[in-house]
S.K.: 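The structure under discussion is supplied below as structure tokens; questions concerning it will follow.
Throughout, a chain's letter reflects where its sequence line sits, starting with A, and its residues are numbered from 1. Scope of the values below: all heavy atoms of this structure, side chains included, with no hydrogens, waters or symmetry mates.
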Number of protein chains: 4
Amino acid sequence: MSDSIRPPARQRRKEARPQELTAAALSLFVEKGFAATRLDDIAERAGVSKGTLYLYFESKDALFKAVIQEGIVSALHAGEALFDEYDDPLDLLRTILQGWWDRIGNTELGGIPKLMMSEARNFPDVAAYYQQEVLQRGTALLRKAVMRGIERGVFRQVDADAICSVLIAPLVYRAMWRQSFGPACGQETDTAQYLRTYFDLILNGLLTGVSGGAAR
Amino acid sequence: MSDSIRPPARQRRKEARPQELTAAALSLFVEKGFAATRLDDIAERAGVSKGTLYLYFESKDALFKAVIQEGIVSALHAGEALFDEYDDPLDLLRTILQGWWDRIGNTELGGIPKLMMSEARNFPDVAAYYQQEVLQRGTALLRKAVMRGIERGVFRQVDADAICSVLIAPLVYRAMWRQSFGPACGQETDTAQYLRTYFDLILNGLLTGVSGGAAR
Amino acid sequence: MSDSIRPPARQRRKEARPQELTAAALSLFVEKGFAATRLDDIAERAGVSKGTLYLYFESKDALFKAVIQEGIVSALHAGEALFDEYDDPLDLLRTILQGWWDRIGNTELGGIPKLMMSEARNFPDVAAYYQQEVLQRGTALLRKAVMRGIERGVFRQVDADAICSVLIAPLVYRAMWRQSFGPACGQETDTAQYLRTYFDLILNGLLTGVSGGAAR
Amino acid sequence: MSDSIRPPARQRRKEARPQELTAAALSLFVEKGFAATRLDDIAERAGVSKGTLYLYFESKDALFKAVIQEGIVSALHAGEALFDEYDDPLDLLRTILQGWWDRIGNTELGGIPKLMMSEARNFPDVAAYYQQEVLQRGTALLRKAVMRGIERGVFRQVDADAICSVLIAPLVYRAMWRQSFGPACGQETDTAQYLRTYFDLILNGLLTGVSGGAAR
DNA sequence: AATGAATGAGTTTTCATTCAT
DNA sequence: AATGAATGAAAACTCATTCAT
């Protein structure tokens with residue numbers, strides 16, 4: 001509707017289209033679920049006509065896959081910055097987890113886990129891909145931090161694979177909560193307290209008896 | 001199909017029908033989501049005709065609500081047995097959490113959290129009810145155990161409300177996982193290890209320095 | 001449900017059933033139309049179960065036909081008393097028309113014309129039968145009175161066939177009105193005035209100039 | 001939206017669609033009644049697919065209301081031309097009544113009264129609207145002609161309100177008849193005679209003794 | 001590239017009819 | 001004779017997809 005004046009405007013628009021569309025689709029898929037979201041609604045939210053969607057995506061399924069793909073790429077991109085910046089295992093672990101929350105769980109990207117969990121069995125191939133590219137990778141990253149802590153005797157001897165799943169669960173769960181019950185309950189407020197308590201619990205749970213008050 | 005000894009067969013059927021139907025609906029709703037589940041499929045799985053569903057539920061929405069209601073009732077029933085059997089806060093907490101897993105998370109009832117999370121924003125009234133009757137109640141139960149532990153100096157001073165949400169998260173998350181990614185990945189196997197690690201982490205995280213090896 | 005005490009009770013019930021059913025059906029067919037009336041509703045109004053209807057009528061169509069048949073028989077029965085009781089053509093005509101209103105138009109039977117008109121094209125055979133047995137007969141009766149009046153010079157020379165249709169129209173139309181718009185509008189009240197004006201008009205219209213004030 | 005000079009073919013279609021659809025619906029509703037008419041049939045008669053109906057009307061009920069609305073608008077439009085063209089009360093009255101027959105009763109619009117009467121109790125709000133906008137208005141128009149005749153001493157002293165209902169009844173009844181029994185009986189032919197006799201009767205019935213042969 | 005009217009297959013819902021009790 | 005649970009064919013309604021413009 002409002003393309004005008006500067007030539008770059010249209011150009012930029014054209015190239016940005018797919019992401020505008022997947023962004024609109026993501027928010028609706030997360031809100032209503034894949035099947036309950038109508039292409040009309042996505043088109044409307046994106047400010048285009050329904051037919052336009054088919055210029056960029058072959059089908060509703062293809063759009064879903066693009067949404068997830070887009071989300072994964074963004075997430076990995078958001079995650080890259082976290083590697084190897086800290087030497088101290090405690091700081092590293094805390095940074096990774098807090099970073100996940102800040103850059104994924106607490107952003108629009110935080111809808112992806114909810115969406116993926118809801119639709120996993122309807123899109124097994126996408127689920128497998130997600131599992132591999134996101135969950136595995138994320139776990140591997142965490143694992144390095146945990147292993148380092150154990151090796152240095154800062155962390156207790158725990159099963160490294162299992163602990164990664166346990167550690168991330170409260171964060172992912174909270175992210176999913178925000179996307180489902182959150183909008184109804186106004187309980188967004190005590191998220192800070194939730195995170196503080198979370199870190200207090202897991203760091204005390206991980207650390208060897210040496211240091212008492214690990215979390216703050 | 002199964003006519004036998006006493007109850008008039010037809011009679012028994014009539015009374016058992018609603019639960020047969022909600023059971024069939026639950027498994028399909030959990031698997032595919034509400035919108036993607038066809039009433040035909042539910043009817044087929046329950047071994048009745050499509051019309052029969054409307055004898056017991058006036059719409060697909062009403063069926064959804066009945067499924068949740070049924071699930072909540074069952075869950076509360078399953079939860080009742082856990083109260084006040086133990087004096088030791090540690091045992092009590094462990095029993096509650098393990099009990100949740102054994103009687104809910106690890107059974108068909110474990111699908112309810114996934115379903116409810118997926119559909120919360122499509123059924124805000126049901127979500128509010130669920131939030132109140134299940135989540136609040138469950139939290140209150142946990143809270144009692146935590147408080148007792150803190151009062152006796154067995155648990156560290158933590159925010160009782162927040163810790164409850166954090167403590168239950170890994171279990172609920174795991175239950176939801178079983179219903180989504182689980183069927184594809186064969187990773188059900190290490191659930192025992194997951195639980196062991198989970199208890200090890202949280203109990204070490206909760207206990208005061210006094211006793212070293214809380215988890216086993 | 002309520003069979004008891006005296007043997008005749010059940011007996012009478014049994015024989016009266018068909019009419020109880022057609023009576024219930026008539027009122028609902030007239031109210032909602034044939035297609036929009038559910039057998040459940042008819043059964044409920046008649047105080048029997050849906051299955052019972054099929055003990056007496058082969059199908060919904062058969063029930064419709066029975067309703068009309070029943071209505072026609074009653075109407076003819078109601079009409080029989082009107083013949084040849086008066087010698088004076090004016091009185092005879094007035095008696096016939098007023099009699100039709102009192103015994104048909106203004107009773108439950110008055111719903112038949114509305115029903116028949118609504119459904120004529122869905123039940124051509126019934127319509128033909130109705131046309132022949134009711135409309136033709138009624139017209140023939142009226143015709144005799146009109147002819148007598150013309151022959152005696154009391155009525156003007158008019159087309160006997162056409163005038164019969166014209167004369168009955170305001171009464172039938174009013175009867176149909178009562179069954180459709182009537183219940184909503186409270187205008188039932190001025191029916192007396194309607195009839196008075198009707199008779200005033202048609203009798204003045206029919207009579208030769210001889211007598212001035214025919215209607216009252 | 002509106003580029004270019006005259007009608008871009010597609011464009012014209014789009015605007016004409018609603019009326020094409022209501023026209024198809026009207027004829028089928030009149031023939032079979034509302035409930036017995038399938039949307040498939042309407043679509044087929046209009047030469048569109050079933051889905052197209054929902055592009056223009058949000059439900060079958062809404063379509064019904066549009067049909068009536070459309071019919072009323074057309075009828076009022078058809079009726080406008082009749083006002084105040086004649087000074088002589090006799091000519092005016094005759095013109096109004098004959099005009100109703102020619103422009104409404106004897107056209108497709110003549111189905112509206114039958115349809116409305118059949119469905120009045122299923123659509124009370126529509127019936128009330130029809131009652132007010134059509135029947136009241138029409139009556140008011142007639143009333144003016146009657147009053148003028150009475151004031152000038154051309155018509156006898158009659159109840160103006162009641163006479164209007166009585167006068168119009170044979171015409172409306174005949175119009176409804178054409179839509180119901182008519183198609184079966186071939187009696188369309190003597191409509192001319194019916195009208196002649198009708199006018200002969202009512203005009204003689206209305207006029208003061210002065211002039212003898214009012215109708216022709 | 002973009003539109004949005006049109007489609008028709010697919011889904012929910014209704015209800016006449018059947019039949020075991 | 002009577003019931004009412006169960007059925008399934010048919011109807012209303014939805015929406016992903018197509019295509020003329």
S.K.: Only counting residues at least two apart or in another chain, list the ones meeting side-chain contact (heavy atoms from CB on, under 4.5 Å) with Glu108(A).
M.R.: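 Per chain and number, Glu108(A) pairs via side-chain contact (heavy atoms from CB on, under 4.5 Å) with no residue.
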S.K.: Any donor-acceptor pair under 3.5 Å linking the side chain of Arg121(C) with the backbone of Gln179(D)?
M.R.: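 Yes, because the side chain of Arg121(C) sits within donor-acceptor range (under 3.5 Å) of the backbone of Gln179(D).
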S.K.: Quick one: is Tyr56(A) getting a side-chain N or O under 4.0 Å of the dA2(E) phosphate, OP1 or OP2?
M.R.: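 The answer is yes; a side-chain N or O of Tyr56(A) sits under 4.0 Å from OP1 or OP2.
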S.K.: Glu44(A) CD to dA2(E) P: how many Å, rounded?
M.R.: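 For the pair Glu44(A) CD and dA2(E) P, the rounded distance is 18 Å.
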S.K.: If I take atom NZ in residue Lys32(A) and atom P in nucleotide dC15(F), what distance separates them, rounded to the nearest angstrom?
M.R.: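 Distance check: Lys32(A) NZ to dC15(F) P gives 10 Å.
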S.K.: Could you write out DNA chain F as a dot-bracket string, with dots for unpaired bases, | for bases paired across to another strand, and Watson-Crick or G-U pairs counted at under 3.5 Å?
M.R.: .||||||||||||||||||||
S.K.: Whole-Å distance between dT17(E) P and Phe64(C) CZ?
M.R.: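 After rounding, the reported distance stands at 14 Å.
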S.K.: In a table with atom names and distances, give each donor-acceptor pair under 3.5 Å that connects a side chain of residues 41-50 of chain C to protein atoms at least two apart or in another chain.
M.R.:
| unit_1 | atom_1 | unit_2 | atom_2 | d |
| --- | --- | --- | --- | --- |
| Asp41(C) | OD1 | Arg38(C) | NH2 | 3.2 |
| Arg45(C) | NH1 | Ser27(C) | OG | 2.9 |
| Ser49(C) | OG | Thr52(C) | OG1 | 3.2 |
| Lys50(C) | NZ | Asp40(C) | OD1 | 3.4 |

S.K.: Without decimals, in angstroms, what is the distance between Glu58(B) CD and dC15(E) P?
M.R.: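 Between P of dC15(E) and CD of Glu58(B): 13 Å.
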S.K.: By ring-ring contact (aromatic ring centres under 6.0 Å, His included), which residues pair with Tyr130(A), not counting sequence neighbours?
M.R.: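 Testing Tyr130(A) for ring-ring contact (aromatic ring centres under 6.0 Å, His included), a comparison that skips the adjacent residues, returns Phe181(B).
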S.K.: In terms of heavy-atom contacts, does CD of Gln19(B) have more than 12 from other residues, nucleotides or ligands at under 6.0 Å?
M.R.: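 Enclosed: over 12 neighbouring heavy atoms sit under 6.0 Å from CD of Gln19(B).
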S.K.: Does NZ or CZ of Lys65(C) come closer than 6.0 Å to the centre of the six-membered ring of Phe123(C), within 45° of the ring's axis?
M.R.: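 Cation-pi check for Lys65(C) and Phe123(C): fails.
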S.K.: Mark yes or no for whether Ser180(C), through its side chain, and Ser118(D), through its backbone, hold a donor-acceptor pair below 3.5 Å.
M.R.: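 Such a contact is absent between Ser180(C) side chain and Ser118(D) backbone.
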S.K.: Tell me, for nucleotides 7-12 of chain E in 5' to 3' order, what letter each nucleotide earns: B for a base near a protein heavy atom under 4.0 Å, S for only sugar-phosphate near one, - for neither?
M.R.: BB-BSB
S.K.: Under the side-chain contact (heavy atoms from CB on, under 4.5 Å) test, which residues partner Ala128(D), sequence neighbours left out?
M.R.: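 side-chain contact (heavy atoms from CB on, under 4.5 Å) check on Ala128(D) returns nothing, list empty.
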